[in-house]
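Shown next, in structure tokens, is the structure this report addresses.
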Amino acid sequence: MANALVLEDLNKTYANGFVALKGISLEVKEGDFFALLGPNGAGKSTTLGIVSSLVNKTSGRVKIFGFDLETQTADAKKMLGVVPQEFNFNAFEKVIDIVVTQAGFYGIPKRIATERAEFYLRKLGLWEKKNQSARMLSGGMKRRLMIARALVHEPKLLILDEPTAGVDIELRRSMWEFLREINAQGTTIILTTHYLEEAESLCRNIAIIDKGNIIENTSMRSLLLKLNTETFILDLKDELPDALAISGYALRQIDARTIEVDVDKNTGLNRVFQQLADQGVEVMSMRNKSNRLEELFVSLVEKNLEMKELA
Amino acid sequence: MRGQLLFTAFWTILTKEVRRFTRIWVQTLLPPAITMTLYFIIFGNLIGSRIGDMGGFAYMEYIAPGLIMMSVITNSYGNVVSSFFGTKFQRNIEELLVAPIPNWVILAGYVAGGAARGLAVGVIVTLLSLFFTNLSIHHFFITLSTVILTAIVFSLGGFINAVYANTFDDISIVPTFILTPLTYLGGVFYSIALLPGFWQTVSQFNPILYMVNSFRYGLLGVSDINIGFAFMMIIGFILVLAAFAMHLLNTGKGIRH
């Protein structure tokens, strides 16, 4: 399968001397749903900015579907759609004009641009607002407008920089469905997000960037397998007996009817339930204490920090 | 095929610009119409009637080409500087930067948009001037080419100003402290033949003098300077400013990190 995006030894040093990228290399396969994660200031936005031609690289190479961004600029750019983190449309323009104008920038004739704008605005629930000034839209609608605008030239690679920031849960879920749909139709998607649940739910592969270096680049499944311990919260039917203990597991009492249990991935949960049942404790419900990816993310970034300090 | 794509991109920028200044016509087209009407009434009618002839023409007739040119200059410049700075400020410049548009098409689109507003205002002011004086065209080609080339010069100037501007103050400094004095001293209201020799020489360093006189020659057939030299100067300005604007775009000055 071809590569949708290749970054080779990408470096970026800003004019003030800040080194944002330290020779990162990355490949994203065609058709992938890829997460690029990292803490604030790690280099995600710089990386995506270079790929989007908004930031000048210091050195290195970017290829989009085989086209070199430096020497085959127009061909490379045609393959790419970008949904930035911040609203960057003309707030005084009408919704339909923003989308049709963007198509024009890609050389798409107005008749085709108008048809496509209608398709994507309908798909994203904005058609009724087409003649409204963009500044009158809600935050969620503005995010969807930027997605429609990024798709109007039908790119093969879509970059989404925190597309659901500030969007309510219901809308976020519907956006996920839409993104899954266009990914299933063949659009490669690269996603950055601070909602790690979002990355875990949507993405098949993942890279984690920290302090200008890629510290992890693997499949989501492989990454999650690295997680040795998960913490579960159990809600109990009755108040805890005085001397509750479960051998082989760390257990903490949260309140009279709630406990927290650390479960090693090689041990499993059966023995927890067995021992609780033996002691007459009935479990009503159970949930993960935190998102699994979040735990991994934090541990990887902390590990990277410790290594830097040691060096 | 590639040409068709580039033309569509250029046309999209131009129509976006025209849509912008026509949408806010109260800010863009109406004020120069009111200002120039006041100029015609006060300088042309009230004061001009006491000044008498200049260059063999009634004062009103003499200043009309200069006033038309003044409105073209300020509006071409003003359109591009405010529009391109606004595009930077709202970050929708990113819409252009991610798209496969060569920098020269971006520049051409904005300059054409600025020239379109300059020419639209020029037509409005010309029509208004007909209420106050009779205008005949002495050399149609010179008149038309001067006004178009001048609109291009100042659109390019506005673009460069916008690239360097970081705040809204930065887009008003050049028009206030450079463009307006140069326009007033560029022979709009008088013939430089009235000035002492030293100031006549100094005036020849003012680029607007060549544009105003060339346009006046097109309409009235009189000029303080050689028309061929004036055209060379105007075209020279376009080449220098366009090259500099392209350099700024290619290096990403003010628009790329």
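So you know, we letter chains A, B, ... as the sequences are listed, proteins then strands, and number each from 1.
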Inset, instruction - Grab the two heavy atoms, one from V98(B) and one from Q102(A), that are nearest each other, plus how far apart they are. - result: CG2-NE2, 3.9 Å
Legend entry - Heavy-atom closest pair, residues A74(A) and P100(B): O-CB, 3.5 Å
Inset, instruction - Measure from the side-chain N and O atoms of E94(B) to the backbone N and O of L54(A), and report whether any donor-acceptor pair falls under 3.5 Å. - result: no
Side chain, backbone, both or neither: which part of [X] has a non-hydrogen atom closer than 4.5 Å to chain B?
X       : answer
A91(A)  : both
I108(A) : backbone
T73(A)  : neither
F92(A)  : both
K12(A)  : side chain
V55(A)  : both

Legend entry - pair K110(A)-T15(B): side-chain heavy atoms closer than 4.5 Å: no
Check this for me: [X], atom [atom1], are more than 12 non-hydrogen atoms of other residues, nucleotides or ligands nearer than 6.0 Å?
X       : atom1 : value
W176(A) : CH2   : yes
F67(A)  : CZ    : yes
Q132(A) : CD    : yes

Could you state the interatomic distance from [atom1] ([X]) to [atom2] ([Y]), rounded to the nearest 0.5 Å?
X       : Y       : atom1 : atom2 : result
F105(A) : L97(B)  : CZ    : CG    : 10.5 Å
Q90(B)  : F89(A)  : CD    : CZ    : 9.0 Å
I101(B) : K77(A)  : CD1   : NZ    : 8.0 Å
N90(A)  : T87(B)  : CG    : OG1   : 7.0 Å
R20(B)  : D97(A)  : CZ    : CG    : 14.5 Å
R19(B)  : T101(A) : CZ    : OG1   : 4.0 Å

Inset, instruction - Please state whether the side chain, the backbone, both or neither of T251(B) comes within less than 4.5 Å of a heavy atom of chain A. - result: backbone
